[in-house]
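First the structure, in the form of C-alpha cells, and then the observations on it.
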Amino acid sequence: MIDLHCHTTASDGVTLPEELPRLAESMGLSAVAITDHDTVEGVEAFLSSPCISLVPGLELSSVCEKDKCHIVGLFIDHRSEELLETLQQLQVWRRERNQMMAHRLTEIGIPVDIEEVEALAEGVAGRPHFAEVLVARGVCGNLNEAFKKYLGDGAAAYVPKKSLEAADAIRAIHRAGGLAVWAHPMARSNMTNARFSRMLDALFHAGIDGVEAYYPDHTATKKLTVLREVEMRGLLASGGSDYHGGGRHTGIMPGTFANGGPLGIPDDVLYKMEDRLGRGG
Ligand code: AMP
Ligand code: FE
Ligand code: FE
Ligand code: ZN
C-alpha cells in the first residue's frame with residue numbers, strides 16, 4: 001500500500017518533512033509522496049531519510065474552466081530553476097493575499113498582524129495558519145469554526161488566491177520532469193459526474209497524466225467513477241490521504257481514511273507511474 005499525497009510543516013502539515021518517511025513506514029506503507037502546497041522546500045529533508053520508496057512532489061493550486069482545482073506533481077526535480085521561479089511567483093501572490101486577509105480581519109474588529117501569522121508557519125503561510133491564530137486568541141473555538149466564520153470560501157475575511165491556470169501548472173510540472181495529477185476531483189459536494197467529465201476533458205487537453213481516485217472523501221462509487229473515466233482516457237490512477245496531521249483533516253493518517261481504515265492504494269499505482277516515466281524496473 002502507498003500514499004501519494006501528504007503535507008508537512010513546509011506548508012500546512014504538522015509533521016516535519018524528514019519525519020514523514022518513518023511515519024509512513026510505521027503505517028505499513030511501501031511508498032509515500034511529499035506534496036506541500038505551492039512549495040518544494042521540504043523535499044530535500046524528506047529525501048534525506050531513506051527507508052521506503054520516496055516520491056518528491058508538490059501540490060499546485062490552480063484554476064480550470066474558472067473552477068478551483070489542485071494539481072499534484074509527482075517525481076518532480078525539486079531543483080529545477082524554472083519550477084522554482086514559478087513557485088517564487090506563487091509565494092508573492094500568497095503574501096499579497098495574506099496581507100489582504102489580515103487587513104479584512106482587522107477591519108471587522110480582529111486585529112491580526114501578518115508577521116504573527118507568518119511566524120507560526122514554518123514554511124508557506126496560508127489560511128490554516130490564520131485559523132490557528134484565531135483559535136489561539138480565543139476568537140474561535142476550533143479550526144473548523146475559524147474557516148466557517150472567517151476564512152472559508154465566501155466567509156467574512158476570505159480573499160481568493162491568485163493562482164495558475166491548470167494548463168500552466170501542468171506545464172511547470174512537466175518541465176520539472178514530473179507527472180501531473182488532478183487532486184481530489186470529487187471531494188467537493190457539488191461536483192457532478194457531468195462536470196467532472198467536462199473538467200477532465202479540459203485537463204486531458206492540457207496534458208494531465210493522472211487523477212486521484214483513492215481519496216478519503218471519495219465514496220466507493222466516486223472512486224469507481226474516477227477509475228472508469230481514467231481508464232477510458234488511458235490516464236494513470238493516483239491517490240493519497242491528504243495527510244496534514246493535528247486538527248486538519250481530522251483522524252487521517254498516511255494511508256488511511258478519517259476513521260483509520262486503510263485507503264488501500266495498491267503498489268501497482270506507483271509501478272505504472274514509473275513505467276510511464278521510463279523508470280520501470
Ligand atoms: P490556502 O491554501 O491558504 O487557501 O489554505 C487551504 C488549506 O486550508 C487546505 O489545504 C486545508 O489544509 C485547509 N482547510 C480548508 N478548509 C478547512 C477547514 N474547514 N478546517 C481546517 N482546515 C481547512
Ligand atoms: Fe492543506
Ligand atoms: Fe488539495
Ligand atoms: Zn493536499
Side-chain angles (χ1 to χ4, degrees), residues 2-17 20 23-24 32-43 46 55-64 67-74 76 87 90-91 94 97-98 101 117 120-132 135 143-144 146-147 151-153 158 160-161 163-164 166 169-170 173 178-189 191 196 199 203 208 210-218 222 226 238-258 263 265:
I2 65 172
D3 188 333
L4 299 178
H5 190 153
C6 289
H7 295 268
T8 75
T9 52
S11 65
D12 56 355
V14 304
T15 299
L16 290 169
L20 180 59
L23 178 62
V32 66
I34 182 171
T35 57
D36 278 305
H37 297 288
D38 301 332
T39 184
V40 292
E41 282 296 317
V43 172
F46 168 76
V55 180
L58 84 177
E59 180 174 21
L60 295 172
S61 304
S62 76
V63 175
C64 172
D67 237 334
K68 282 191 199 180
C69 85
H70 287 182
I71 307 287
V72 158
L74 299 172
I76 42 129
L87 296 177
L90 297 182
Q91 298 316 322
R94 268 189 180 272
R97 180 222 202 185
N98 287 342
M101 288 199 294
V117 177
L120 205 77
E122 278 173 57
V124 170
R127 286 185 287 165
H129 305 100
F130 276 89
E132 270 179 42
V135 173
L143 298 179
N144 231 338
F147 270 89
L151 303 163
D153 298 19
Y158 174 69
K161 188 170 52 191
S163 42
L164 297 172
I170 293 168
I173 289 165
L179 294 171
V181 168
W182 184 12
H184 44 74
M186 303 283 262
R188 263 184 10 217
S189 55
M191 183 57 103
F196 166 68
M199 278 177 76
L203 292 170
I208 199 88
V211 184
E212 287 185 351
Y214 309 89
Y215 191 77
D217 293 346
H218 285 177
K222 284 179 175 172
V226 177
S238 186
S241 63
D242 213 348
Y243 168 71
H244 285 69
R248 301 175 200 142
H249 304 230
T250 316
I252 289 171
M253 291 296 287
T256 82
F257 283 100
L263 272 173
I265 308 172

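For ligands, and for the atoms within them, numbers begin at 1 and follow the listed sequence.
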Does the side chain of [X] reach to within under 4.5 Å of the side chain of [Y], using non-hydrogen atoms?
| X | Y | result |
| --- | --- | --- |
| Val181 | Leu74 | yes |
| Lys222 | Phe196 | no |
| Val43 | Leu58 | no |

- [ ] With 2.8 Å as the limit, jot down which protein N, O or S atoms are around the Zn ion (ligand 4).
- [x]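 The answer, once waters are left aside, is His5 NE2, His7 NE2, Glu59 OE1, Asp242 OD1.
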
TODO: Specify whether His37 and His70 have parallel, tilted or perpendicular ring planes, treating 30° as the upper limit for parallel and 60° as the lower limit for perpendicular.
DONE: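 Perpendicular.
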
Open item on the list: Go through it in stages, so that I can follow the logic: the residues are His184 and Asp217, the test is side-chain hydrogen bond (donor to acceptor under 3.5 Å, both in side chains), and I'd like the CA-CA distance, side-chain angles, deciding distance and then a yes or no.
Closed with: CA-CA 8 Å; His184 44 74; Asp217 293 346; over 6 Å; no

Open item on the list: Under a 3.5 Å threshold, yes or no: a donor from one side chain and an acceptor from the other, between His7 and Glu59?
Closed with: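 Side-chain D/A pair, His7 to Glu59: present.
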
Open item on the list: Just to be careful: counting only protein atoms that are N, O or S, how many fall under 2.8 Å of the Fe ion (ligand 3)?
Closed with: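 Every protein N, O or S atom under 2.8 Å from the Fe ion (ligand 3) counted, the figure is 3.
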
- [ ] Could you go through the side-chain contact (heavy atoms from CB on, under 4.5 Å) check for Leu90 and Lys161 one step at a time?
- [x] CA-CA 9 Å; Leu90 297 182; Lys161 188 170 52 191; over 6 Å; no

- [ ] Looking at Asp12, pick out the N, O or S atom nearest to the Fe ion (ligand 2) and give its name.
- [x]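 Result for Asp12 and the Fe ion (ligand 2): OD2.
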
Open item on the list: Tell me which N, O or S atom from His244 is the closest to the Fe ion (ligand 2).
Closed with: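 Of the nitrogen, oxygen and sulfur atoms in His244, the Fe ion (ligand 2) lies nearest to NE2.
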
Open item on the list: Can a donor-acceptor pair be found, under 3.5 Å and without considering hydrogens, that links the side chain of Asp38 to the backbone of Val124?
Closed with: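 The answer is no, because no donor-acceptor pair under 3.5 Å joins these two groups.
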
TODO: Ignoring hydrogens and angles, tell me if any N or O in the side chain of Asp3 forms a donor-acceptor pair with the backbone of Ser241 under 3.5 Å.
DONE: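 Yes; at least one donor-acceptor contact below 3.5 Å.
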
Open item on the list: Could you walk me through whether Thr256 and Tyr243 satisfy the side-chain contact (heavy atoms from CB on, under 4.5 Å) test, starting with their C-alpha distance in whole Å, then the side-chain angles of each, then the deciding distance to 0.1 Å, before giving a yes or no?
Closed with: CA-CA 9 Å; Thr256 82; Tyr243 168 71; over 6 Å; no

